[in-house]
Number of protein chains: 2
Amino acid sequence: MTQTRIMLADDHAVVRRGLRLVLEGEPDLRVVAEVGDGAEAVERGLRDDVDLAVLDISMPRMTGLQAARELTSRREGLRVLILSMHDNEQYLFEALRSGASGYVLKSVADRDLVEACRATMRGEPFLYPGAVRALMRDFVERARRGDTPPDDPLTPREVEIVKLIAEARTTREIAGELVLSEKTVERHRTNILAKLGMRDRVELVRYAIRRGLVEP
Amino acid sequence: MTQTRIMLADDHAVVRRGLRLVLEGEPDLRVVAEVGDGAEAVERGLRDDVDLAVLDISMPRMTGLQAARELTSRREGLRVLILSMHDNEQYLFEALRSGASGYVLKSVADRDLVEACRATMRGEPFLYPGAVRALMRDFVERARRGDTPPDDPLTPREVEIVKLIAEARTTREIAGELVLSEKTVERHRTNILAKLGMRDRVELVRYAIRRGLVEP
DNA sequence: AGCGCCATCCGGGACGCCCCCCATTTGCGC
DNA sequence: GCGCAAATGGGGGGCGTCCCGGATGGCGCT
(Lines give C-alpha, C1' and ligand atoms only; values in the text may rest on other atoms or scores of the structure.)
Protein backbone atom coordinates (compact mmCIF):
# COMPACT_ATOMS: atom_id res chain seq x y z
CA MET A 1 0.00 0.00 0.00
CA THR A 2 1.28 3.44 -0.91
CA GLN A 3 1.43 6.03 1.83
CA THR A 4 1.30 9.77 1.31
CA ARG A 5 4.64 11.18 2.47
CA ILE A 6 4.12 14.49 4.21
CA MET A 7 6.39 17.40 5.17
CA LEU A 8 5.24 19.58 8.05
CA ALA A 9 6.37 23.22 8.08
CA ASP A 10 5.60 25.32 11.13
CA ASP A 11 7.81 27.44 13.33
CA HIS A 12 6.28 26.10 16.52
CA ALA A 13 7.53 22.65 17.43
CA VAL A 14 4.42 22.11 19.56
CA VAL A 15 2.17 22.61 16.57
CA ARG A 16 4.25 20.22 14.47
CA ARG A 17 4.01 17.67 17.27
CA GLY A 18 0.23 18.01 17.33
CA LEU A 19 -0.12 17.74 13.59
CA ARG A 20 2.16 14.74 13.44
CA LEU A 21 0.10 13.03 16.12
CA VAL A 22 -3.11 13.54 14.17
CA LEU A 23 -1.63 12.41 10.87
CA GLU A 24 0.33 9.42 12.16
CA GLY A 25 -2.96 8.01 13.41
CA GLU A 26 -3.95 7.39 9.81
CA PRO A 27 -2.42 4.37 8.08
CA ASP A 28 -2.30 6.05 4.67
CA LEU A 29 -0.47 9.18 5.90
CA ARG A 30 3.15 9.40 7.01
CA VAL A 31 5.15 12.41 8.16
CA VAL A 32 8.64 12.12 6.70
CA ALA A 33 9.97 15.59 7.52
CA GLU A 34 9.50 18.52 9.85
CA VAL A 35 10.95 21.98 9.22
CA GLY A 36 10.74 25.23 11.15
CA ASP A 37 10.78 27.92 8.50
CA GLY A 38 9.87 28.68 4.90
CA ALA A 39 13.37 28.52 3.46
CA GLU A 40 13.94 25.09 4.95
CA ALA A 41 10.56 24.04 3.61
CA VAL A 42 11.56 24.93 0.07
CA GLU A 43 14.91 23.19 0.40
CA ARG A 44 13.46 20.04 1.93
CA GLY A 45 10.28 20.03 -0.17
CA LEU A 46 12.21 19.92 -3.42
CA ARG A 47 13.50 16.44 -2.59
CA ASP A 48 11.29 13.80 -4.14
CA ASP A 49 10.52 11.81 -1.02
CA VAL A 50 7.81 14.32 -0.20
CA ASP A 51 4.35 14.04 -1.76
CA LEU A 52 2.56 16.73 0.22
CA ALA A 53 3.79 19.89 1.93
CA VAL A 54 1.72 21.21 4.79
CA LEU A 55 2.78 24.84 5.24
CA ASP A 56 1.96 27.32 7.96
CA ILE A 57 1.55 30.83 6.60
CA SER A 58 3.54 32.84 9.10
CA MET A 59 7.06 31.50 9.37
CA PRO A 60 10.50 33.07 9.70
CA ARG A 61 12.78 33.63 6.70
CA MET A 62 10.04 32.89 4.18
CA THR A 63 6.27 32.80 4.52
CA GLY A 64 4.28 29.71 3.71
CA LEU A 65 2.73 31.50 0.75
CA GLN A 66 6.08 32.30 -0.79
CA ALA A 67 7.33 28.81 -0.07
CA ALA A 68 4.21 27.49 -1.81
CA ARG A 69 4.94 29.58 -4.89
CA GLU A 70 8.54 28.39 -4.99
CA LEU A 71 7.66 24.75 -4.47
CA THR A 72 4.78 24.49 -6.92
CA SER A 73 6.72 26.32 -9.61
CA ARG A 74 9.92 24.37 -9.13
CA ARG A 75 8.61 20.87 -8.56
CA GLU A 76 5.79 19.55 -10.68
CA GLY A 77 3.56 17.07 -8.89
CA LEU A 78 4.16 18.28 -5.37
CA ARG A 79 0.91 19.07 -3.56
CA VAL A 80 0.67 21.93 -1.11
CA LEU A 81 -1.71 22.47 1.77
CA ILE A 82 -1.77 25.86 3.46
CA LEU A 83 -2.42 26.13 7.18
CA SER A 84 -3.89 29.40 8.39
CA MET A 85 -3.85 30.72 11.92
CA HIS A 86 -7.24 31.21 13.62
CA ASP A 87 -10.21 31.78 11.39
CA ASN A 88 -8.63 34.55 9.39
CA GLU A 89 -9.83 34.26 5.80
CA GLN A 90 -7.58 37.06 4.66
CA TYR A 91 -4.94 35.00 2.89
CA LEU A 92 -7.28 32.54 1.24
CA PHE A 93 -7.24 34.06 -2.21
CA GLU A 94 -3.53 34.72 -2.15
CA ALA A 95 -2.97 31.12 -1.07
CA LEU A 96 -4.97 29.78 -3.98
CA ARG A 97 -2.93 31.94 -6.36
CA SER A 98 0.25 30.59 -4.81
CA GLY A 99 -0.55 27.17 -6.23
CA ALA A 100 -1.89 25.65 -3.04
CA SER A 101 -4.32 22.78 -3.55
CA GLY A 102 -5.90 23.19 -0.18
CA TYR A 103 -6.43 25.67 2.60
CA VAL A 104 -7.37 24.73 6.14
CA LEU A 105 -7.59 26.43 9.49
CA LYS A 106 -5.48 25.29 12.41
CA SER A 107 -8.60 25.35 14.50
CA VAL A 108 -10.51 22.85 12.38
CA ALA A 109 -11.31 19.45 13.73
CA ASP A 110 -8.61 16.85 13.20
CA ARG A 111 -11.00 15.01 10.92
CA ASP A 112 -10.93 17.90 8.48
CA LEU A 113 -7.16 18.01 8.33
CA VAL A 114 -6.94 14.35 7.45
CA GLU A 115 -9.68 14.74 4.87
CA ALA A 116 -7.90 17.76 3.47
CA CYS A 117 -4.73 15.76 3.00
CA ARG A 118 -6.57 12.99 1.21
CA ALA A 119 -8.58 15.34 -0.98
CA THR A 120 -5.45 17.23 -1.89
CA MET A 121 -3.66 14.05 -2.89
CA ARG A 122 -6.60 13.03 -5.06
CA GLY A 123 -6.08 16.34 -6.85
CA GLU A 124 -9.27 17.81 -5.47
CA PRO A 125 -9.23 21.21 -3.84
CA PHE A 126 -10.10 21.31 -0.18
CA LEU A 127 -11.51 24.33 1.57
CA TYR A 128 -12.93 24.52 5.05
CA PRO A 129 -16.63 25.44 5.13
CA GLY A 130 -15.95 29.03 6.15
CA ALA A 131 -13.65 29.45 3.16
CA VAL A 132 -16.35 28.25 0.82
CA ARG A 133 -18.68 30.81 2.30
CA ALA A 134 -16.03 33.49 1.95
CA LEU A 135 -15.50 32.56 -1.68
CA MET A 136 -19.22 32.74 -2.35
CA ARG A 137 -19.57 36.04 -0.56
CA ASP A 138 -16.63 37.38 -2.55
CA PHE A 139 -18.15 36.09 -5.77
CA VAL A 140 -21.51 37.76 -5.07
CA GLU A 141 -19.81 40.91 -3.92
CA ARG A 142 -17.76 41.12 -7.10
CA ALA A 143 -20.71 40.32 -9.32
CA ARG A 144 -22.74 43.09 -7.73
CA ARG A 145 -20.29 45.90 -8.43
CA GLY A 146 -18.70 44.43 -11.51
CA ASP A 147 -16.00 47.04 -11.93
CA THR A 148 -13.52 45.92 -9.30
CA PRO A 149 -10.32 44.22 -10.36
CA PRO A 150 -10.47 40.39 -10.31
CA ASP A 151 -8.61 39.99 -7.05
CA ASP A 152 -6.81 42.44 -4.94
CA PRO A 153 -7.34 42.65 -1.25
CA LEU A 154 -5.61 46.02 -1.29
CA THR A 155 -7.37 49.32 -0.72
CA PRO A 156 -6.89 52.16 -3.23
CA ARG A 157 -4.52 53.90 -0.87
CA GLU A 158 -2.49 50.74 -0.49
CA VAL A 159 -2.30 50.27 -4.25
CA GLU A 160 -0.93 53.79 -4.48
CA ILE A 161 1.74 52.92 -1.93
CA VAL A 162 2.61 49.69 -3.72
CA LYS A 163 3.18 51.55 -6.96
CA LEU A 164 5.60 53.96 -5.34
CA ILE A 165 7.43 51.20 -3.52
CA ALA A 166 7.77 49.31 -6.79
CA GLU A 167 9.23 52.41 -8.41
CA ALA A 168 12.05 52.18 -5.89
CA ARG A 169 10.98 55.11 -3.77
CA THR A 170 12.10 55.00 -0.16
CA THR A 171 9.72 55.41 2.74
CA ARG A 172 10.87 59.00 3.22
CA GLU A 173 10.28 59.87 -0.44
CA ILE A 174 6.84 58.32 -0.47
CA ALA A 175 5.90 60.19 2.68
CA GLY A 176 7.08 63.37 1.02
CA GLU A 177 5.18 62.80 -2.23
CA LEU A 178 1.91 61.85 -0.55
CA VAL A 179 2.33 64.38 2.24
CA LEU A 180 2.19 61.77 4.98
CA SER A 181 4.27 60.88 7.99
CA GLU A 182 6.87 58.19 7.41
CA LYS A 183 5.13 56.19 10.10
CA THR A 184 1.95 56.05 8.10
CA VAL A 185 3.76 54.86 5.01
CA GLU A 186 5.45 52.18 7.11
CA ARG A 187 2.08 51.23 8.55
CA HIS A 188 0.60 50.82 5.06
CA ARG A 189 3.59 48.84 3.87
CA THR A 190 3.36 46.49 6.86
CA ASN A 191 -0.36 45.97 6.25
CA ILE A 192 0.22 45.31 2.56
CA LEU A 193 2.95 42.76 3.23
CA ALA A 194 0.74 41.01 5.77
CA LYS A 195 -2.25 40.94 3.44
CA LEU A 196 -0.27 39.47 0.58
CA GLY A 197 1.75 37.15 2.79
CA MET A 198 5.02 38.62 1.64
CA ARG A 199 8.28 39.42 3.37
CA ASP A 200 9.76 42.52 1.86
CA ARG A 201 9.72 45.16 -0.85
CA VAL A 202 11.40 42.88 -3.35
CA GLU A 203 8.46 40.50 -3.38
CA LEU A 204 6.14 43.48 -3.62
CA VAL A 205 7.87 44.69 -6.78
CA ARG A 206 7.26 41.42 -8.56
CA TYR A 207 3.66 41.44 -7.38
CA ALA A 208 3.22 44.99 -8.69
CA ILE A 209 4.70 44.04 -12.05
CA ARG A 210 2.56 40.92 -12.35
CA ARG A 211 -0.51 43.01 -11.59
CA GLY A 212 0.56 45.60 -14.15
CA LEU A 213 0.71 48.34 -11.56
CA VAL A 214 4.16 49.40 -12.78
CA GLU A 215 6.39 48.73 -15.75
CA PRO A 216 9.34 46.37 -15.24
CA MET B 1 16.25 85.30 -28.41
CA THR B 2 15.37 82.02 -26.71
CA GLN B 3 17.70 80.76 -24.07
CA THR B 4 18.11 77.16 -23.03
CA ARG B 5 16.97 76.89 -19.40
CA ILE B 6 19.19 74.50 -17.50
CA MET B 7 18.89 72.63 -14.21
CA LEU B 8 22.14 71.57 -12.55
CA ALA B 9 22.08 68.50 -10.31
CA ASP B 10 25.17 67.66 -8.32
CA ASP B 11 25.66 66.97 -4.65
CA HIS B 12 28.75 69.16 -4.43
CA ALA B 13 27.93 72.86 -4.33
CA VAL B 14 31.44 73.64 -5.56
CA VAL B 15 30.88 71.65 -8.72
CA ARG B 16 27.55 73.33 -9.33
CA ARG B 17 29.23 76.70 -8.86
CA GLY B 18 31.88 75.78 -11.43
CA LEU B 19 29.37 74.48 -13.94
CA ARG B 20 27.18 77.53 -13.50
CA LEU B 21 30.18 79.79 -14.13
CA VAL B 22 31.00 78.01 -17.36
CA LEU B 23 27.44 78.00 -18.64
CA GLU B 24 26.51 81.54 -17.61
CA GLY B 25 29.34 82.75 -19.80
CA GLU B 26 27.29 81.75 -22.84
CA PRO B 27 24.48 84.05 -23.90
CA ASP B 28 22.23 81.23 -25.11
CA LEU B 29 22.48 79.20 -21.90
CA ARG B 30 20.90 80.05 -18.55
CA VAL B 31 20.94 78.12 -15.29
CA VAL B 32 17.49 78.37 -13.73
CA ALA B 33 17.85 75.79 -10.96
CA GLU B 34 20.38 73.96 -8.84
CA VAL B 35 19.61 70.82 -6.84
CA GLY B 36 21.73 68.62 -4.62
CA ASP B 37 20.30 65.15 -5.08
CA GLY B 38 18.46 62.91 -7.52
CA ALA B 39 15.06 63.07 -5.89
CA GLU B 40 15.12 66.86 -5.93
CA ALA B 41 16.22 66.71 -9.54
CA VAL B 42 13.16 64.70 -10.53
CA GLU B 43 10.85 66.95 -8.58
CA ARG B 44 12.32 70.16 -9.95
CA GLY B 45 12.94 68.83 -13.46
CA LEU B 46 9.28 67.96 -13.97
CA ARG B 47 8.38 71.66 -13.89
CA ASP B 48 8.25 73.05 -17.37
CA ASP B 49 10.63 75.94 -16.92
CA VAL B 50 13.51 73.54 -17.45
CA ASP B 51 14.67 72.61 -20.97
CA LEU B 52 17.77 70.66 -20.08
CA ALA B 53 18.76 68.68 -17.01
CA VAL B 54 22.47 68.23 -16.33
CA LEU B 55 22.75 65.32 -13.92
CA ASP B 56 25.70 63.99 -12.00
CA ILE B 57 25.65 60.21 -11.74
CA SER B 58 26.48 59.72 -8.09
CA MET B 59 24.08 61.64 -5.91
CA PRO B 60 22.32 60.92 -2.62
CA ARG B 61 18.72 59.63 -2.49
CA MET B 62 18.59 58.86 -6.19
CA THR B 63 21.35 58.43 -8.76
CA GLY B 64 21.53 60.58 -11.87
CA LEU B 65 20.77 57.53 -13.99
CA GLN B 66 17.57 56.77 -12.16
CA ALA B 67 16.60 60.42 -12.18
CA ALA B 68 17.21 60.40 -15.94
CA ARG B 69 14.90 57.43 -16.38
CA GLU B 70 12.19 59.08 -14.30
CA LEU B 71 12.48 62.42 -16.03
CA THR B 72 12.60 61.20 -19.61
CA SER B 73 9.71 58.83 -19.04
CA ARG B 74 7.52 61.32 -17.22
CA ARG B 75 8.19 64.49 -19.16
CA GLU B 76 8.29 64.38 -22.91
CA GLY B 77 10.61 66.95 -24.45
CA LEU B 78 12.98 67.35 -21.55
CA ARG B 79 16.59 66.77 -22.54
CA VAL B 80 19.04 65.11 -20.22
CA LEU B 81 22.81 65.34 -20.09
CA ILE B 82 24.69 62.92 -17.83
CA LEU B 83 27.86 64.03 -16.07
CA SER B 84 30.34 61.30 -15.19
CA MET B 85 33.12 61.50 -12.65
CA HIS B 86 36.69 61.13 -13.96
CA ASP B 87 37.13 59.20 -17.20
CA ASN B 88 35.14 56.19 -16.12
CA GLU B 89 33.31 54.82 -19.14
CA GLN B 90 31.50 52.23 -17.06
CA TYR B 91 28.09 53.87 -16.97
CA LEU B 92 28.03 55.04 -20.56
CA PHE B 93 25.77 52.32 -21.91
CA GLU B 94 23.47 52.38 -18.93
CA ALA B 95 23.20 56.15 -19.29
CA LEU B 96 22.19 55.88 -22.93
CA ARG B 97 19.53 53.37 -22.00
CA SER B 98 18.27 55.76 -19.33
CA GLY B 99 17.15 58.14 -22.04
CA ALA B 100 20.06 60.54 -21.76
CA SER B 101 20.77 62.52 -24.91
CA GLY B 102 24.34 63.19 -23.96
CA TYR B 103 27.14 61.94 -21.78
CA VAL B 104 30.15 64.01 -20.81
CA LEU B 105 33.01 63.78 -18.38
CA LYS B 106 33.47 66.29 -15.61
CA SER B 107 37.09 66.56 -16.63
CA VAL B 108 36.38 67.66 -20.18
CA ALA B 109 37.28 71.16 -21.27
CA ASP B 110 34.59 73.75 -20.64
CA ARG B 111 34.23 74.12 -24.40
CA ASP B 112 32.96 70.54 -24.64
CA LEU B 113 30.35 71.01 -21.96
CA VAL B 114 28.89 74.02 -23.70
CA GLU B 115 28.94 72.20 -27.02
CA ALA B 116 27.30 69.20 -25.39
CA CYS B 117 24.47 71.39 -24.12
CA ARG B 118 23.90 72.89 -27.54
CA ALA B 119 24.10 69.56 -29.36
CA THR B 120 21.69 68.01 -26.88
CA MET B 121 19.19 70.82 -27.38
CA ARG B 122 19.42 70.39 -31.14
CA GLY B 123 18.40 66.79 -30.53
CA GLU B 124 21.81 65.46 -31.50
CA PRO B 125 23.58 63.02 -29.22
CA PHE B 126 26.81 64.20 -27.71
CA LEU B 127 29.56 61.91 -26.57
CA TYR B 128 33.06 62.83 -25.52
CA PRO B 129 35.75 61.41 -27.82
CA GLY B 130 36.64 58.65 -25.39
CA ALA B 131 33.05 57.50 -25.29
CA VAL B 132 32.94 57.24 -29.04
CA ARG B 133 36.04 55.11 -28.92
CA ALA B 134 34.49 52.96 -26.19
CA LEU B 135 31.33 52.51 -28.24
CA MET B 136 33.36 51.47 -31.28
CA ARG B 137 35.47 49.08 -29.27
CA ASP B 138 32.31 47.61 -27.78
CA PHE B 139 30.76 47.27 -31.21
CA VAL B 140 33.78 45.49 -32.65
CA GLU B 141 34.06 43.33 -29.57
CA ARG B 142 30.43 42.28 -29.81
CA ALA B 143 30.62 41.66 -33.53
CA ARG B 144 33.63 39.39 -33.06
CA ARG B 145 31.98 37.00 -30.60
CA GLY B 146 28.42 37.51 -31.67
CA ASP B 147 26.79 35.36 -29.06
CA THR B 148 27.15 37.59 -26.01
CA PRO B 149 24.07 39.28 -24.62
CA PRO B 150 23.51 42.78 -26.04
CA ASP B 151 24.74 44.64 -23.01
CA ASP B 152 25.49 43.58 -19.53
CA PRO B 153 28.49 44.80 -17.68
CA LEU B 154 27.92 42.11 -15.07
CA THR B 155 30.19 39.12 -14.55
CA PRO B 156 28.64 35.63 -14.48
CA ARG B 157 28.93 35.52 -10.72
CA GLU B 158 27.19 38.86 -10.43
CA VAL B 159 24.36 37.71 -12.69
CA GLU B 160 23.91 34.74 -10.40
CA ILE B 161 23.66 37.07 -7.40
CA VAL B 162 21.19 39.33 -9.21
CA LYS B 163 18.90 36.40 -9.92
CA LEU B 164 18.79 35.39 -6.28
CA ILE B 165 18.25 38.95 -5.10
CA ALA B 166 15.39 39.30 -7.56
CA GLU B 167 13.85 36.13 -6.19
CA ALA B 168 13.58 37.91 -2.86
CA ARG B 169 16.35 36.01 -1.15
CA THR B 170 18.06 37.84 1.69
CA THR B 171 21.81 38.26 1.90
CA ARG B 172 22.02 35.49 4.47
CA GLU B 173 20.07 33.06 2.30
CA ILE B 174 22.14 33.82 -0.78
CA ALA B 175 25.34 33.33 1.19
CA GLY B 176 23.97 30.00 2.37
CA GLU B 177 22.94 28.80 -1.08
CA LEU B 178 26.18 29.78 -2.79
CA VAL B 179 28.33 28.81 0.18
CA LEU B 180 29.83 32.28 0.57
CA SER B 181 30.28 34.71 3.41
CA GLU B 182 27.51 37.28 3.76
CA LYS B 183 30.13 39.95 3.35
CA THR B 184 31.02 38.62 -0.07
CA VAL B 185 27.42 38.68 -1.17
CA GLU B 186 27.14 42.24 0.11
CA ARG B 187 30.26 43.17 -1.78
CA HIS B 188 28.90 41.71 -5.01
CA ARG B 189 25.59 43.50 -4.50
CA THR B 190 27.34 46.80 -3.88
CA ASN B 191 29.44 46.35 -7.02
CA ILE B 192 26.39 45.45 -9.07
CA LEU B 193 24.45 48.49 -7.85
CA ALA B 194 27.42 50.71 -8.67
CA LYS B 195 27.87 49.22 -12.14
CA LEU B 196 24.22 49.68 -13.04
CA GLY B 197 23.94 53.04 -11.34
CA MET B 198 21.14 51.84 -9.10
CA ARG B 199 20.26 52.46 -5.48
CA ASP B 200 18.76 49.35 -4.00
CA ARG B 201 17.41 45.84 -4.46
CA VAL B 202 14.07 47.12 -5.70
CA GLU B 203 15.63 48.67 -8.79
CA LEU B 204 17.64 45.50 -9.27
CA VAL B 205 14.48 43.40 -9.39
CA ARG B 206 13.04 45.45 -12.21
CA TYR B 207 16.36 45.27 -14.04
CA ALA B 208 16.42 41.49 -13.63
CA ILE B 209 12.88 41.18 -14.95
CA ARG B 210 13.58 43.44 -17.94
CA ARG B 211 16.63 41.32 -18.76
CA GLY B 212 14.57 38.15 -18.42
CA LEU B 213 16.79 36.83 -15.65
CA VAL B 214 13.76 36.01 -13.52
CA GLU B 215 10.02 35.77 -13.97
CA PRO B 216 7.91 38.59 -12.56
C1' DA C 1 57.13 40.44 -14.31
C1' DG C 2 53.69 43.60 -13.97
C1' DC C 3 48.89 45.12 -14.64
C1' DG C 4 44.01 44.73 -14.51
C1' DC C 5 40.02 42.17 -13.56
C1' DC C 6 37.50 38.92 -10.98
C1' DA C 7 36.23 36.64 -6.89
C1' DT C 8 36.67 36.15 -2.21
C1' DC C 9 36.74 37.95 2.62
C1' DC C 10 36.76 41.39 6.87
C1' DG C 11 35.13 45.32 10.31
C1' DG C 12 32.49 49.11 11.14
C1' DG C 13 28.94 52.39 10.65
C1' DA C 14 24.65 54.97 8.99
C1' DC C 15 20.36 54.30 7.70
C1' DG C 16 16.23 52.05 6.00
C1' DC C 17 13.21 48.30 6.46
C1' DC C 18 10.07 45.67 9.07
C1' DC C 19 7.73 44.54 13.25
C1' DC C 20 5.47 45.15 17.70
C1' DC C 21 2.72 47.88 20.74
C1' DC C 22 -0.42 51.82 21.04
C1' DA C 23 -3.79 55.61 19.65
C1' DT C 24 -7.24 58.90 16.90
C1' DT C 25 -10.37 60.39 13.22
C1' DT C 26 -13.47 59.52 9.46
C1' DG C 27 -17.02 57.30 6.99
C1' DC C 28 -19.91 53.35 5.90
C1' DG C 29 -23.41 49.81 6.89
C1' DC C 30 -26.59 47.57 10.00
C1' DG D 1 -25.68 54.70 17.85
C1' DC D 2 -22.40 50.84 17.31
C1' DG D 3 -19.26 48.19 15.07
C1' DC D 4 -15.94 48.05 11.57
C1' DA D 5 -12.62 49.16 8.13
C1' DA D 6 -9.59 52.59 6.31
C1' DA D 7 -6.41 56.02 7.03
C1' DT D 8 -3.60 58.48 9.98
C1' DG D 9 0.21 58.87 13.50
C1' DG D 10 3.75 57.80 17.74
C1' DG D 11 7.55 55.00 20.29
C1' DG D 12 10.74 51.65 20.25
C1' DG D 13 13.60 47.78 18.69
C1' DG D 14 15.87 44.04 15.78
C1' DC D 15 17.97 43.29 11.83
C1' DG D 16 18.93 43.83 6.88
C1' DT D 17 20.75 46.95 3.50
C1' DC D 18 24.18 49.76 1.71
C1' DC D 19 28.57 52.02 1.77
C1' DC D 20 33.30 52.79 3.28
C1' DG D 21 38.05 51.35 3.31
C1' DG D 22 40.74 47.82 3.23
C1' DA D 23 43.02 42.79 1.86
C1' DT D 24 44.13 38.33 -0.63
C1' DG D 25 44.76 34.94 -4.46
C1' DG D 26 44.00 33.51 -9.26
C1' DC D 27 43.88 34.32 -14.09
C1' DG D 28 44.78 36.40 -18.56
C1' DC D 29 47.10 39.75 -21.19
C1' DT D 30 51.26 42.26 -22.49
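Order of the sequence lines fixes the chain letters, A, B, ..., with proteins taken first and strands second; residue numbering starts at 1 for each chain.
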As a test of reading the structure: which of [options] is closest to the side chain of [X], going by heavy atoms?
| X | options | result |
| --- | --- | --- |
| B:K183 | C:dT8, C:dC18, C:dG12 | C:dG12 |
| A:R201 | C:dC17, D:dA7, D:dC19 | C:dC17 |
| A:E158 | C:dC18, C:dT8, D:dA7 | D:dA7 |
| B:T190 | D:dC18, D:dG10, C:dT8 | D:dC18 |
| A:R189 | C:dC17, D:dC18, C:dA7 | C:dC17 |
| B:P156 | D:dG22, C:dA7, D:dT17 | C:dA7 |

**Message:** Tell me whether the count of non-hydrogen atoms from other residues, nucleotides or ligands lying under 6.0 Å of CD in A:E186 goes above 12.
**Reply:** yes

**Asked** Do the side-chain N or O atoms of A:T171 get closer than 4.0 angstrom to the phosphate oxygens (OP1, OP2) of C:dC17?
**Response** yes

**Message:** OP1 or OP2 of C:dT8 versus the side-chain N and O atoms of B:S181: is any pair under 4.0 Å?
**Reply:** no

**Request:** Output yes when B:E203 and B:R206 qualify as a salt bridge under the 4.0 Å nitrogen-oxygen rule, no when they do not.
**Result:** no

**Request:** Indicate yes or no: does A:E160 engage A:K163 in a salt bridge with an N to O separation below 4.0 Å.
**Result:** no

**Request:** For the residue pair B:R157 and B:L180, establish whether any side-chain heavy-atom pair is separated by less than 4.5 Å.
**Result:** yes

Have a look at [X] and say if it touches a base, only the backbone sugar-phosphate, or nothing, with a 4.0 Å heavy-atom cut-off.
| X | answer |
| --- | --- |
| A:N191 | nothing |
| A:T184 | base |
| B:R172 | sugar-phosphate |

**Request:** Whole angstrom is fine here: how far is it from CZ in A:R187 over to P in C:dA23?
**Result:** 13 Å

**Prompt:** To the nearest angstrom, how far is A:E182 atom CD from C:dC19 atom P?
**Reply:** 17 Å

